[in-house]
S.K.: 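Take this structure first; my questions come after.
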Amino acid sequence: MALFQIAEPGESAAPHEHKLAIGIDLGTTNSLVATVQSGLAVCLNDPCGRPLLPSVVRYHADGSTEVGFAAQKNQTLDPRHTIVSVKRLMGREQKDIAHIEAMPYEFVEAAGMVKLRTPAGVKSPVEISAEILKALKSRAEAALFGEHGGELVGAVITVPAYFDDAQRQATKDAARLAGLNVLRLLNEPTAAAIAYGLDNAAEGVYAVYDLGGGTFDISILKLTKGVFEVLATGGDSALGGDDFDHRIYCWVVEQARLQPLTPEDARLLMMCSREAKEFLTLNPEARLTARLSTSELVDLKLDAATFAAISQTLVSKTLQPVKRALRDAGLRVEEVKGVVMVGGATRMPQIQKAVGDFFQQEPLTNLDPDKVVALGAATQANLLAGNKTGRDDWLLLDVIPLSLGLETMGGLTEKVIPRNATIPTARAQEFTTFKDGQTAMSIHVVQGEREMVADCRSLARFELRGIPPMVAGAARIRVTFQVDADGLLSVAAREQTTGVEASVTVKPSYGLSDDEIASMLQDSLAHAKDDAMTRALRESQVEARRMIEATEAALAEDAHLLKTEEMAKITAAIAKLRDAAAGDNRRHINMAMDDLGFETQEFAHRRMDQSIKKVLSGRKVDDINMGENT
């Protein structure tokens with residue numbers, strides 16, 4: 001059903017001028033899509049009324065893909081090809097991933113970003129995330145345009161504040177692959193602050209504590225008369241609710257003294273662990289029960305106190321970045337007016353208590369922690385699309401999470417843009433040659449806080465050639481760093497005396513090249529017709545099975561209404577349809593359905609007559625006429 005845009009006169013563009021944009025929270029555990037309707041940000045639900053889409057993708061042996069609840073439902077049956085928490089793999093090499101040996105996937109040995117082997121071929125986290133984004137895009141288009149179709153102006157997609165350049169670029173690549181125009185990448189805590197600040201007309205210094213399924217962020221913001229200024233940010237892109245699930249899982253394995261588990265049993269116990277964590281949010285005790293493939297029964301009770309004890313180190317681990325962010329912002333705890341809680345994992349009682357104790361105040365929870373990021377992203381998307389309402393008179397000043405710099409002699413890092421610098425930004429610094437007669441310079445761009453390049457993340461390398469031969473130290477090479485509003489970097493180097501110049505738009509070596517993205521997009525377009533035909537075939541096969549089941553049920557009940565030869569014709573038509581449905585020729589399936597429909601037409605009429613006779617049995621005509629006149 002299409003949705004209409006309604007607004008008071010003067011508050012919005014005319015309905016035909018309103019541009020539709022969406023905000024997407026691409027989460028580790030669940031994802032959401034939201035938009036602005038009648039001046040208010042709202043999450044868009046699926047046909048069953050559910051706002052959340054599980055961030056789960058399953059690849060089938062026939063090459064088809066399931067996303068969301070359908071994939072989540074069957075993940076214990078096929079853990080090797082059902083990908084969960086893919087956000088943790090974005091922009092990462094195998095050596096970057098903790099506990100990779102415990103994951104059931106088949107990783108492919110290759111340089112660059114980690115890749116997984118699936119029945120649909122080798123897939124990168126970018127391609128897997130694109131499937132989730134495609135599902136959210138389809139949901140938005142169905143809700144906003146209905147059957148008439150339409151085009152979205154674009155999307156604001158949120159990322160953890162502590163995502164580095166490679167992870168941000170991977171997210172943007174996934175959006176391109178999903179056919180989305182990215183208006184901006186927005187830090188998740190900043191999105192939450194936008195939603196909270198506009199909804200509550202808040203002012204002052206606020207902390208946004210964001211603990212999701214796979215990432216943790218802390219941002220300190222100052223809200224002043226519609227200006228959202230991020231003062232400092234910090235976090236851990238490999239810490240989240242999944243780690244709390246894993247602590248329970250390890251506790252279960254230890255308590256039950258289990259032997260090494262199959263991937264199916266391990267995934268089953270991880271699901272039980274997550275359910276127990278969620279149950280303990282409101283209850284003092286949770287029971288974990290599971291029947292393993294060995295027929296061994298796991299039946300344990302976990303109380304809230306034990307859960308708090310086994311997860312204490314994780315809770316403490318979130319407070320270290322909080323302290324650092326306050327120090328970077330030059331603030332004391334007492335100067336923080338409120339703490340906004342974001343992410344489903346913040347519902348855990350031990351998190352609520354730890355945050356409350358640290359900030360010496362009750363955290364703010366009047367907005368749904370699962371939805372607040374998507375709502376903020378939708379508000380920003382609406383503004384960037386060019387729609388104006390009375391609530392859009394605000395300014396966003398975000399920051400870069402990690403310092404950017406260059407490698408200098410001795411493997412040292414020279415920071416050019418420090419962390420927590422407001423973006424977009426551009427800064428320049430001059431360097432010189434090391435040797436006499438040096439005519440070229442290799443420039444190595446890195447990101448991180450460590451002093452040694454080996455301890456930072458390498459982003460890109462390029463060369464500046466054509467430097468006039470001079471004595472060492474005479475050349476003046478000006479290197480300029482530019483960071484856009486998405487937090488993505490470009491670097492240029494220029495020799496001042498000659499004007500010779502070189503530049504690079506940083507594309508991490510373990511990201512996807514433009515050629516790879518273009519190839520994937522071409523593949524998706526090339527296979528669009530095949531995909532549509534496959535879908536139509538599946539729909540016909542489902543309809544055929546439904547028709548067979550309905551006919552057989554009718555025969556079981558009213559076969560006495562048929563003559564022997566009629567029964568034989570219907571039975572033959574059922575067999576013909578069953579054979580056709582087992583094949584891959586949609587035309588044959590539809591013809592067989594038509595044949596069965598023809599053969600059962602008279603049978604359906606007789607069943608209808610029989611039903612009417614049953615209803616009228618024992619009643620007089622006058623009684624019926626009186627009933628109609630009543």
Side-chain angles (χ1 to χ4, degrees), residues 25 27-30 32 87 158-163 186-197 199-200 202 204-223 228-244 277-278 281 308 311-329 331-377 398-399 401 419-420:
D25 176 6
T28 305
T29 307
N30 295 294
L32 301 93
K87 186 173 178 177
T158 62
V159 293
Y162 226 56
F163 255 23
L186 182 63
N187 288 342
E188 290 166 3
T190 309
I194 291 171
Y196 181 83
D199 199 65
N200 295 275
V205 175
Y206 283 82
V208 181
Y209 181 102
D210 182 356
L211 186 63
T215 58
F216 170 67
D217 287 315
I218 178 69
S219 288
I220 311 298
L221 298 96
K222 186 176 182 180
L223 283 59
F228 293 79
E229 181 183 4
V230 182
L231 302 178
T233 191
D236 188 335
S237 61
L239 172 63
D242 286 358
D243 298 287
F244 288 79
K277 177 193 71 178
E278 294 170 352
T281 298
S311 61
Q312 181 56 45
T313 55
L314 295 176
V315 176
S316 300
K317 200 173 177 182
T318 70
L319 297 179
Q320 296 307 314
V322 174
K323 296 173 184 176
R324 186 170 59 248
L326 280 172
R327 187 169 61 248
D328 289 345
L331 295 169
R332 301 187 309 275
V333 168
E334 303 81 50
E335 296 175 89
V336 176
K337 186 176 179 180
V339 186
V340 180
M341 302 295 274
V342 182
T346 59
R347 291 190 173 95
M348 288 184 283
Q350 61 265 50
I351 292 292
Q352 295 273 337
K353 183 178 185 304
V355 173
D357 289 348
F358 181 85
F359 285 100
Q360 300 163 23
Q361 58 182 289
E362 283 294 314
L364 301 167
T365 55
N366 58 317
L367 287 179
D368 188 332
D370 284 323
K371 295 181 179 180
V372 65
V373 168
L375 296 175
D398 215 333
V399 299
R419 75 173 187 271
N420 293 321

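Residue indices begin at 1 and follow the sequence shown.
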S.K.: Does this structure show an ion pair linking Lys277 with Asp242, if we count only N-O contacts that are shorter than 4.0 Å?
M.R.: no
S.K.: Could you go through the side-chain contact (heavy atoms from CB on, under 4.5 Å) check for Asp370 and Asn30 one step at a time?
M.R.: CA-CA 9 Å; Asp370 284 323; Asn30 295 294; 5.6 Å; no
S.K.: Closest heavy-atom contact between Ile194 and Gly376?
M.R.: CG2-O, 4.1 Å
S.K.: Check Ala345 against Gly212 and note the closest heavy-atom contact, atom names and distance.
M.R.: CB-O, 3.9 Å
S.K.: Do you know the tightest heavy-atom contact between Gln350 and Ala308?
M.R.: NE2-CA, 4.1 Å
S.K.: Do Val230 and Asn187 come within less than 4.5 Å of each other through their side chains, counting heavy atoms only?
M.R.: no
S.K.: I want to check something: taking the side chain as every heavy atom from C-beta on, are Val342 and Glu188 in contact at a cut-off of under 4.5 Å?
M.R.: no
S.K.: Is there a donor-acceptor pair under 3.5 Å between the side chain of Gln352 and the backbone N or O of Thr346?
M.R.: yes
S.K.: Check the pair Lys222 / Leu231 against side-chain contact (heavy atoms from CB on, under 4.5 Å), numbers first and verdict last.
M.R.: CA-CA 7 Å; Lys222 186 176 182 180; Leu231 302 178; 4.1 Å; yes
S.K.: In terms of side-chain geometry, is the basic nitrogen of Arg419 or Asp328 positioned less than 4.0 Å from the acidic oxygen of its partner?
M.R.: yes
S.K.: My understanding is that only one of Asp210, Leu211, Asp236 makes a side chain to side chain contact (heavy atoms under 4.5 Å, CB included) with Asp217; could you say which?
M.R.: Asp210
S.K.: Roughly how far, to the nearest 0.5 Å, is CG of Leu326 from NZ of Lys323?
M.R.: 10.5 Å
S.K.: Does the side chain of Met341 come within less than 4.5 Å of Ile351's, by heavy atoms?
M.R.: yes
S.K.: Using a strict 4.0 Å threshold on nitrogen-to-oxygen distance, state whether Asp357 and Lys353 make a salt bridge.
M.R.: yes
S.K.: So, taking the atom named CD in Glu229 and the one named CG in Leu221, what distance separates them when rounded to the nearest 0.5 Å?
M.R.: 9.0 Å
S.K.: Determine the minimum heavy-atom distance between Thr233 and Ser219, stating which atoms define it.
M.R.: OG1-OG, 3.0 Å
S.K.: Phe216 pairs by ring-ring contact (aromatic ring centres under 6.0 Å, His included) with which of Tyr209, Tyr162, Phe163?
M.R.: Tyr209
S.K.: If every non-hydrogen atom of Ala191 is compared with every non-hydrogen atom of Ala377, which pair is closest and at what distance?
M.R.: CB-N, 4.0 Å
S.K.: Between Gln361 and Gly338, which heavy-atom pair has the shortest distance, and what is it?
M.R.: OE1-CA, 3.3 Å
S.K.: Verify the neighbour count for atom CD of Gln312: are there more than 12 heavy atoms of other residues, nucleotides or ligands below 6.0 Å?
M.R.: yes
S.K.: Counting C-beta onward and ignoring hydrogens, is there a side-chain heavy-atom pair between Thr318 and Phe358 closer than 4.5 Å?
M.R.: no
S.K.: Distance from Leu239 atom CG to Gln320 atom CD, nearest 0.5 Å?
M.R.: 11.5 Å
S.K.: Can you tell me how far apart OH (Tyr206) and CZ (Phe359) are? Round to the nearest 0.5 Å.
M.R.: 13.0 Å
